[in-house]
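Just so you know, ligand 1 is whichever comes first in the structure, and atom 1 is the first atom listed for that ligand.
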Amino acid sequence: MGRFDEVYGRWQADPHAFWAEAAEDVVWTKRWDRVLNDDTPPFYRWFEGGEINTCYNAVDRHVDEGHGERPAIIYDSPVTETVATITYAELKDRVARFAGALAAQGVGYGDRVILYMPMIPEAVVAMLACTRIGAVHSVVFGGFAAKELATRIDDATPKVIVSASCGIEGQRVIPYKSLLDSAIGLATHKPDRCIIKQRPQAEATMVAGRDLLWEDAEATVEPAECVPVKATDPAYILYTSGTTGIPKGVVRATGGHLVTLKWTMPNIYGMQPGDVYWAASDVGWVVGHSYIVYAPLFHGCTTVLYEGKPVGTPDAGAFWRVISQHKVKGMFTAPTALRAIKKEDPEGKLLAQYDMSHFKAQFLAGERCDPDTLAWAQNMLKVPVIDNWWQTETGSPIASNCLGIELLPFKPGSPTRPVPGYEVHALSPEGAEMPPGEIGALAIKLPMAPAALPTLWHNDQRFVDSYMAEYPGYYQTGDAGIVDSDGYIHVMSRTDDIINVAGHRLSTGGMEEVLANHQDVAECAVIGVADDLKGQVPLGFLILKDGVTRAHDAIIKDVVQMVRDRIGPVAAFKQATVVPRLPKTRSGKILRATMQKIADGESFNMPATIDDPAILDEIRESLLAIGYAKKG
Ligand code: COA
Ligand code: AMP
C-alpha cells in the first residue's frame with residue numbers, strides 16, 4: 001500500500017482519532033471534551049468544549065517558540081513600488097495594537113467587523129486583530145460594488161468597518177471610501193465606527209463623528225491580549241455567491257479551521273515552518289483567507305502578500321520575479337492567471353530571466369484547470385503542477401495530489417483524489433452511486449473535515465436547504481463530475497447557475513435580478529460562456545417589453561453599466577443580446593444549460609421537456625451574430 005492510501009485509510013477507519021491527532025499540533029487553552037458532536041446531523045461541532053485563539057496560533061505562538069525574528073509577511077507591491085518584510089515579532093505588536101484599537105471602539109467577543117480592504121498589510125493585521133479579541137471578521141472583496149457591500153453589512157451587522165482610501169488595480173487607483181460611504185447609505189444597519197487607512201494615492205473624505213483614521217484609532221490604546229474562544233465559535237464569515245442575489249454567509253468554526261489548515265500545510269502543500277509560501281489571490285476570497293493569511297501563519301511559514309497582477313505589473317514575468325526574489329517554495333494561483341501569462345509570454349522568455357531554484361511546486365485552484373494550461377505550466381516550470389478542487393464552504397482542498405504525503409500519478413483535468421476529511425461520490429438525481437466514469441452530482445459524505453462550514457450565518461435553514469436536503473447524509477457541492485475507476489475526481493460543471501469568471505465565483509441569478517430591473521426588459525437570462533482567458537464570462541439575453549423602440553445597443557449599454565454598479569466590475573458582465581424568445585421547458589424553466597452548450601459550440605441532447613425546439617435555432621442565430629455558437 002502506498003503512503004497516501006495508508007494515510008487516507010487511517011482517516012477513513014477512524015476520523016475522530018485522525019483529527020484528534022492533528023489537533024495536537026495546535027495550541028489550545030483548554031482541550032476539547034469531545035472530538036466531534038454529531039448528535040444533530042447535518043450540524044456538526046468539532047472539538048466541542050475546547051478553547052483556543054486563532055491569532056495566538058498564527059502569531060504569538062511563533063514568537064513564544066523563539067521565532068520572532070522570522071519574516072511572517074513579505075508585502076510585495078509593484079503597484080506602489082514597495083517591498084517590505086514584517087517579522088513575527090513585529091506582526092504581533094501591530095496586531096495587538098490594532099486589536100486594542102478595535103477594543104477601544106467597543107468591539108469584543110462575538111462582535112462582527114467588516115473589512116473592505118485592498119491587498120495591504122493592514123488587511124492581514126485587521127483580520128488577525130479581530131480573531132485576537134474573539135471578534136468575527138467578514139472580509140468583502142474590493143471588486144464588489146456598494147450594493148453588494150450593503151447586503152453584507154445588513155447580514156453581518158458589524159459594529160465597526162475597516163477600510164482604506166483606495167485600492168490600486170494595475171495603473172488605476174480605485175477609490176474605496178466613496179464606495180463604502182454609498183454602501184453604508186444603502187444599508188439598513190449602520191456601523192458605529194469606520195476605521196480608515198489613508199493611502200497616499202487617494203485621500204478619503206472622513207465623516208465626522210463616524211470615521212477614524214487608522215493611526216488615530218491606534219494612538220492612545222493599550223495593546224490587546226489574545227482572548228480564548230470556544231472551538232465552535234465562528235472565526236469568520238465569508239460571503240459567497242449563492243443561486244440568488246443574496247449571498248451565503250459561510251461560517252468557519254475556530255477550532256476546526258485551525259486544525260485542518262495547519263494539517264494541510266505539510267501534508268497537502270509539503271511546506272515546513274520557515275518556508276516561503278505565496279498565494280497570489282486576494283484576501284477577499286477563500287484562497288486568500290486560507291492560504292495568504294491563516295494556513296501559512298499557523299504553520300510558521302513566511303507568506304507573500306502581493307498587490308499586483310500576473311501581467312502588466314509590469315509584465316508577464318511578475319510572478320517569476322516574486323518567486324525568485326523572495327525564494328518562494330510553493331505558490332498558489334488560479335489557472336486564469338497562468339493563461340494570462342501564457343498569452344503574453346508563450347515561450348517563457350521572461351521566466352528564463354529568473355532564478356527559480358527554490359521553487360518546488362505550483363498549486364492551482366478556483367476553476368477547472370484546462371489540460372493545455374496544465375501542460376504549458378508543467379513544461380515551463382518543471383515542478384509538479386497540482387490542481388486543487390475546493391470551495392469557500394470547505395475552506396481547504398476537497399481533492400488534491402498531496403505533495404507532503406505521496407505524489408500520485410497525475411491525470412490532466414483531474415485534481416486527483418479526495419484528501420483525508422473528504423469522501424466524494426458522484427450521485428444520480430435519485431441519490432444512487434453513478435458507475436465509475438459516469439457523470440453525476442458530486443456529493444460529500446457527512447461529516448466533512450473540521451474546517452468545512454458548520455452552518456450559514458444566522459441561517460441554519462438555508463444551510464440545510466442549499467446543501468443537505470437533496471441527498472440526505474451528504475453535502476451537495478453544486479458541482480457535477482466523475483469519479484473514475486481509480487477514484488480520481490473530474491469536476492466538469494456546476495449543477496446550479498453559478499459561473500466561474502477568472503476564478504471568481506458569481507451568480508448568474510444575481511445578474512438576472514439586476515437586468516430584470518431595467519425599465520425596457522420584460523424577461524432575461526444570463527449564462528456563462530467559454531472564454532480563452534477567464535474560463536467563463538457572463539452573457540445576457542434580453543426580451544424587451546412590447547412597444548419598446550429604443551435602440552438595442554443603448555439598452556445593452558445600460559444593463560452592462562447596471563451590473564457594474566450593482567454587483568461590481570469583478571462580474572465582468574460586458575455583453576448581452578436582444579432575443580425575441582427564450583427556450584423553456586413546458587413548465588416554464590429557462591433552458592440555460594442548453595443555451596450555454598449552443599453558445600460554446602458543443603453538442604447537446606434536445607431536452608425532452610422543451611416547449612418549442614424552434615427557439616433554439618433563433619438563439620443560435622443571435623449568438624452567431626455576436627461571435628458565439630461556432631462549432632469548436
Ligand atoms: N478592487 C477593485 N476592482 C477590482 C478588484 C479589486 N480588488 N479586483 C478586480 N477588480 C476589477 C478590475 O479592475 C476589472 O475592472 P475593469 O472591468 O474596469 O477592467 C474587473 O474587476 C475584472 O477584474 P479581473 O477579473 O481581475 O480581470 P482583469 O481583466 O483586470 O485581469 C487577469 C485579468 C487574468 C489578470 C485577472 O483576472 C487575474 O489575475 N486572475 C487571477 C484570479 C485569481 O487570482 N483569483 C483568485 C481565486 S484563487
Ligand atoms: P469558490 O467558492 O469561489 O472557491 O468556488 C468554488 C467553485 O469553483 C467550485 O464549486 C467549482 O465549481 C470551482 N472550482 C474550484 N476549484 C476547482 C478545480 N480545481 N477544478 C474545477 N472546478 C473548481
With atoms numbered from 1 as shown, which atoms in ligand 1 lie under 4.0 angstrom from a non-hydrogen atom of [X]?
X	answer
Ala280	44 (O)
Val287	48 (S)
Ser281	46 (C), 47 (C), 48 (S)
Gly143	1 (N), 2 (C), 3 (N), 4 (C), 5 (C), 6 (C), 7 (N)
Pro310	35 (C), 39 (O)
Lys574	17 (O)
Gly503	47 (C)
His504	25 (O), 42 (C), 45 (N)

[X] side chain to [Y] backbone, donor-acceptor under 3.5 Å:
X	Y	value
Gln362	Ile386	no
Thr508	Asp497	yes
Thr313	Pro78	no

Can you report which non-hydrogen protein atom sits closest to [atom], along with the distance?
atom	answer
atom 18 (C) of ligand 2	Glu367 O, 3.3 Å
atom 9 (C) of ligand 2	Asp479 OD2, 3.2 Å
atom 26 (O) of ligand 1	Lys309 NZ, 2.8 Å
atom 2 (C) of ligand 1	Gly142 O, 3.4 Å
atom 22 (N) of ligand 2	Arg368 N, 3.5 Å
atom 18 (O) of ligand 1	Arg564 NH2, 2.7 Å
atom 14 (C) of ligand 1	Arg172 NH2, 4.1 Å
atom 20 (C) of ligand 1	Pro569 O, 3.3 Å
atom 10 (N) of ligand 1	Glu169 OE1, 3.4 Å
atom 27 (O) of ligand 1	Lys534 NZ, 3.0 Å
atom 37 (O) of ligand 1	Ala502 CB, 3.4 Å

Taking the six-membered ring of Tyr294, is the NZ or CZ of Arg252 close enough (under 6.0 Å from the centre) and on axis enough (within 45°)?
no
Could you list the atoms of ligand 2 found under 4.0 angstrom from a heavy atom of [X]?
X	answer
Asp387	18 (C), 19 (N)
Val491	21 (C), 22 (N)
Arg494	9 (C), 10 (O), 12 (O)
Asn388	16 (N), 17 (C), 18 (C), 19 (N)
Trp390	6 (C), 9 (C), 15 (C), 16 (N)

Which word best sums up how the rings of Phe332 and Tyr269 line up, parallel for under 30°, tilted for 30 to 60°, or perpendicular for over 60°?
tilted
If we ignore angles and hydrogens, is there a donor and acceptor under 3.5 Å between the side chains of [X] and [Y]?
X	Y	value
Trp278	Asp76	no
Tyr628	Gln575	yes
Arg505	Thr240	yes
Tyr475	Gln391	yes
Glu367	Thr336	yes

Pick from Thr333, Thr313, Val286, Thr336: the one approaching atom 34 (C) of ligand 1 most closely through a non-hydrogen atom
Thr336
Backbone, side chain, both or neither: what part of [X] comes under 4.0 angstrom of ligand 1, heavy atoms only?
X	result
Tyr176	side chain
Phe141	side chain
Met119	neither

Flag side-chain contact, heavy atom, 4.5 Å: [X] against [Y]:
X	Y	value
Ile153	Pro158	yes
Tyr176	Ile196	no
Lys248	Tyr239	no

The residue among Trp390, Phe363, Trp285, Phe298 that forms ring-ring contact (aromatic ring centres under 6.0 Å, His included) with Tyr291 is Trp390
Should [X] be counted as touching ligand 2, given the test is an N or O pair under 3.5 Å?
X	answer
Asn500	yes
Gly366	yes
Arg505	yes

Is it true that [X] and [Y] have a side-chain N and a carboxylate O under 4.0 angstrom from each other?
X	Y	value
Lys342	Glu347	no
Asp181	Lys177	yes
Asp486	Lys411	yes

Closer than 4.0 Å: a protein non-hydrogen atom to atom 32 (C) of ligand 1
no
Under 4.0 Å from atom 6 (C) of ligand 1, is there at least one protein heavy atom?
yes
Is the centre of the His289 ring less than 6.0 Å from the centre of the His257 ring?
no
Would you say the rings of Phe141 and His504 are close, in the sense that their centroids are separated by under 6.0 Å?
yes
Within the 4.0 Å heavy-atom cut-off, what Thr392 brings close to ligand 2 is both
